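All remarks here apply to the structure that follows.
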Amino acid sequence: MRQSQLFSTTLREAPSEADAQAASHRWLLRAGFIRPLGAGIYSLLPLGFRAARKIEAIIRAEMNAIGGQELLMPVMHPADLWKETGRYYQIGDEMGRFRDRVGRDMVLAMTHEEVVTDLVRKEIRSYRQLPQLIYHLQTKWRDDPRPRAGLIRVREFTMKDSYSLDADWEGLDKQYRAHYQAYFNIFHRCGLDVIAVNSDVGMMGGKLAHEFMYLTPLGEDTLILCDACGYTANRQVARLRKPPAPGATGERGAAAPAEPRPLEKVATPGVNTIKGLAEFLNVPAAQTAKAVFLMATVTEGDQDVDKFVFAVVRGDMDLNETKLGNAVQAKDLRPAREEEIRAVGAAPGYASPVGLNPDKMIIVVDDLIPAAPNLVAGANEAGYHLLNTNYGRDYTAHLVADIVAAEAGSACPECGTPVRAERGVEVGNIFKLGTRYTNALGANYLDKDGQSKPVIMGSYGIGVGRLLACVAEAYNDADGLCWPVSVAPYQVHLMRLPGGEAAADDLYAALGRLGLEVLYDDRDERPGVKFKDADLLGLPLRVTVSERALKAGGVELKRRGVKDSRIVPLAEAAGAVQQEIKDLEAALGQRVAPVPYRE
RNA sequence: CGGGGCGUGGCUCAGUUUGGCUAGAGCACUCGGUUCGGGACUGAGAGGUCGAGCGUUCAAAUCGCUCCGCCCCGACCA
């Protein structure tokens, strides 16, 4: 490709919209890979599109290698299908909805479980047709309330989503594990280091899920990592080994569990925080109970109702809303407003379930609470607390569940070692859906015994643009991008400088004959401009043909990001370039290796 | 959705507080000249409904109201 013909320009300054944002965003804009159209909506310019195509080719190769068959499903779906699975009602404004010309409800694809399952119920009759793996690369629309950081979080994006279809759970497990490894291969081939973490199933529903995370402070997810045993999880679902409460059975040095002591009401004027309470009464925060109030939208029968949720965790811990939401099977969860709290008889800052009417709410206590005797809790009266509240004696809950958040320093649920917390961007995920969709849509097959059974599904996604952005995030320096050869829009950046015109033209042709992908900077620009642009674009190998280089004995080869360059005789240049690219590819290939599966 | 910020040539911004000459600069772009290995210099140009609408005023980029868009923080988020 002759750069003089390239449809994009570099920017000397980053547009202000990229201020304070991700480095990947600034460089992709400046280097002319992407252009914004609206909030969270981007065009890929030729360079960006080529890089995305490279990623897609890697994805296709790895999907095909595990038996995937590519197809293509529509972006616009009749809403009826989404009504059948209920997600039409479960999902809020994030879903794009419109009507067609005759007034039929339509939706824009957020994902394709519904459509896949509809295909399955129409095509799959027999166990003999299973297992299957189908995938496509298709546009998704998710009307995210807050797009940010360039391509990292957008509203319209291309996603590879694959769907496994099996007759039994063993088959699902096999395909799930195949994806687990294939995903590592994909990311490694792109030069990106990721970790797999246990994750929440969220709106997908299902049984088990992993997310593939690129670790960066830019990430929006918090991950809990144990260096000792390798436990990894998204904070949303991270378990933790809970420390025993003071006075509880099993507390170190405690001869026997503390006996419940009588309730006692004490004045605690102006003390409405756990910290203040612990100081005021001179007890550890672990000896207190923290109350958190939320409004949950839950489905009762065929309608949604808002329920007041009274959550209780030990004072030294924080509530994990995802865990709580899952515990009460909430479609939606939001903090309760003060008037809603007062309406059930609780006093904000001084609340506990003691003495409240359990019919007005869902009381959920963390599973540590029943094992923690004599906690200080609110008296539901401003300025007063209760000493020695005991679960079971003074109040009970509708649910006892693990609802506290793991954080840095929490004990690992597997080995007890203090865990680390890191931020990460989710570049891929895999879900064991099970029969969530095939049941809802009646996608059944006949097994060997003639029994009708639902097909067992898995779904597996990778965001192409987000992956591109993460690679850009991982590979840039003060001068611009530094693409891994597998993702770079072109392998070679050939610079034609004064005195080297004829030789450069010849070399461009020769490299083309070798099948190399070359961006040929044939522009009539000053050398400084061309070098700056070359650094900005970040192609892995730069080849300079100039009077100076020719006088020095040939052409100059330089890897992006490496200071040193070397002169190669003109006659050997094409071969040397080819070898350099092979070397770069080989180095990247070293990254691809089996990764142990971790449930 | 809450809080904050911004909207002036393609890009970065000045001008808005205190209304008033013809709306400016740098970069980029076009043509010419000098340059030519790390974002040159110079001469001449082209390019703007000052986000939109309504209003106040003799007069609005500037003041008021309404709306729209974008960015940041939060809520949210396979």
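The basis for the numbers below is simple: all heavy atoms, side chains too, and nothing from hydrogens, waters or symmetry mates. This one's a predicted model, so the numbers in the text were calculated from it and none came from an experiment. Chain identifiers are assigned alphabetically (A, B, ...) following the order of the sequence lines, protein sequences preceding nucleic acid strands; residue numbering begins at 1 within each chain.
- Atom NZ of A:Lys532 is separated from atom C1' of B:C36 by 17 Å (rounded to the nearest Å).
- With rounding to whole Å, A:Phe157 atom CZ is found 11 Å from B:C77 atom C1'.
- At a threshold of 4.0 angstrom between heavy atoms, the contacts of A:Arg542 include nucleobase atoms, whether or not backbone atoms are also involved.
- Nucleotide B:U35 forms no Watson-Crick or G-U wobble pair with any nucleotide shown, as no partner meets the under 3.5 Å limit on both distances.
- Taking every side-chain heavy atom of A:Val529 into account, B:G39 is the closest of B:G39, B:C71, B:C76.
- Remark: B:G69 base-pairs with B:C6. Criterion, Watson-Crick or G-U wobble with two distances under 3.5 Å.
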Working note: A:His210 + A:Val197, criterion side-chain contact (heavy atoms from CB on, under 4.5 Å); need CA distance, chi angles, decisive distance, verdict.
CA-CA 5 Å; A:His210 284 89; A:Val197 304; over 6 Å; no

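- Residue A:Thr10 has its side chain nearest to B:G39 when only B:U12, B:C76, B:G39 are considered.
- The interatomic distance linking A:Asp479 (CG) with B:G39 (C1') rounds to 11 Å, in whole Å.
- The nearest whole Å value for the distance from the CZ atom in A:Arg30 to the P atom in B:G39 is 13 Å.
- Of the candidates B:C77, B:G74, B:G39, the closest approach to any side-chain atom of A:Asp533 belongs to B:G39.
- Residue A:Glu525 contributes atom CD, which lies 11 Å from atom C1' of B:C29 at whole-angstrom precision.
- Taking the P atoms as reference points, B:G47 lies 25 Å from B:C41, given to the whole Å.
- The residue A:Glu547 sits apart from the nucleic acid: no heavy atom pair falls under 4.0 Å.
- A:Tyr176 is not listed as a side-chain neighbour of A:Ser164, based on a closest heavy-atom distance of 4.5 Å or more.
- A:Leu225 is not listed as a side-chain neighbour of A:Tyr231, based on a closest heavy-atom distance of 4.5 Å or more.
- Across all strands shown, B:G24 forms a Watson-Crick or G-U wobble pair with B:C13, both key distances being under 3.5 Å.
- With a cut-off of 3.5 Å on both pairing distances, B:G19 has no Watson-Crick or G-U wobble partner at all.
- Both A:Ile462 and A:Gly38 lie close to RNA chain B; mapped to their nearest nucleotides by heavy-atom distance, the more 5′-ward contact belongs to A:Gly38.
- Regarding A:His25, its NE2 atom lies at a distance of 11 Å from the C1' atom of B:C70, rounded to whole Å.
- Here A:Arg526 reaches the OP1 or OP2 of B:A40: one of its side-chain N or O atoms lies under 4.0 Å away.
- Here A:Cys190 contributes atom SG and A:Ile462 contributes atom CD1; the two are 8.0 Å apart, rounded to the nearest 0.5 Å.
- Residue order along RNA chain B, read from the 5' end via each residue's closest nucleotide, puts A:Leu497 first among A:Glu220 and A:Leu497.
- Of the N and O atoms on the side chains of A:Tyr437 and A:Arg87, at least one donor lies less than 3.5 Å from an acceptor on the other residue.
- Side-chain contact between A:Gln175 and A:Tyr460 is present, with at least one heavy-atom pair separated by less than 4.5 Å.
- Side-chain atoms of A:Arg153 and base atoms of B:C76 include a donor and an acceptor less than 3.5 Å apart.
- In this structure, CG of A:Asn234 is placed 15 Å from C1' of B:C76, rounded to the nearest angstrom.
- Across the C1' atoms, B:G15 and B:U8 are found 9 Å apart, a figure rounded to whole Å.
- Ranking B:G39, B:C36, B:C76 by closeness to the A:Pro527 side chain, first place goes to B:C36.
- Taking a pair to require two hydrogen-bonding distances under 3.5 Å in either a Watson-Crick or a G-U wobble arrangement, B:C1 pairs with B:G74.
- Atom CG of A:Asp143 is separated from atom P of B:C1 by 11 Å (rounded to the nearest Å).
- A:Gln138 is listed as a side-chain neighbour of A:Leu72, based on a closest heavy-atom distance under 4.5 Å.
- Pairing for B:U30 is with B:A44, a Watson-Crick or G-U wobble pair whose two hydrogen-bonding atom distances lie under 3.5 Å.
- A:Arg12 has a side-chain polar atom (N or O) that falls below the 4.0 Å cut-off from OP1 or OP2 of B:A28.
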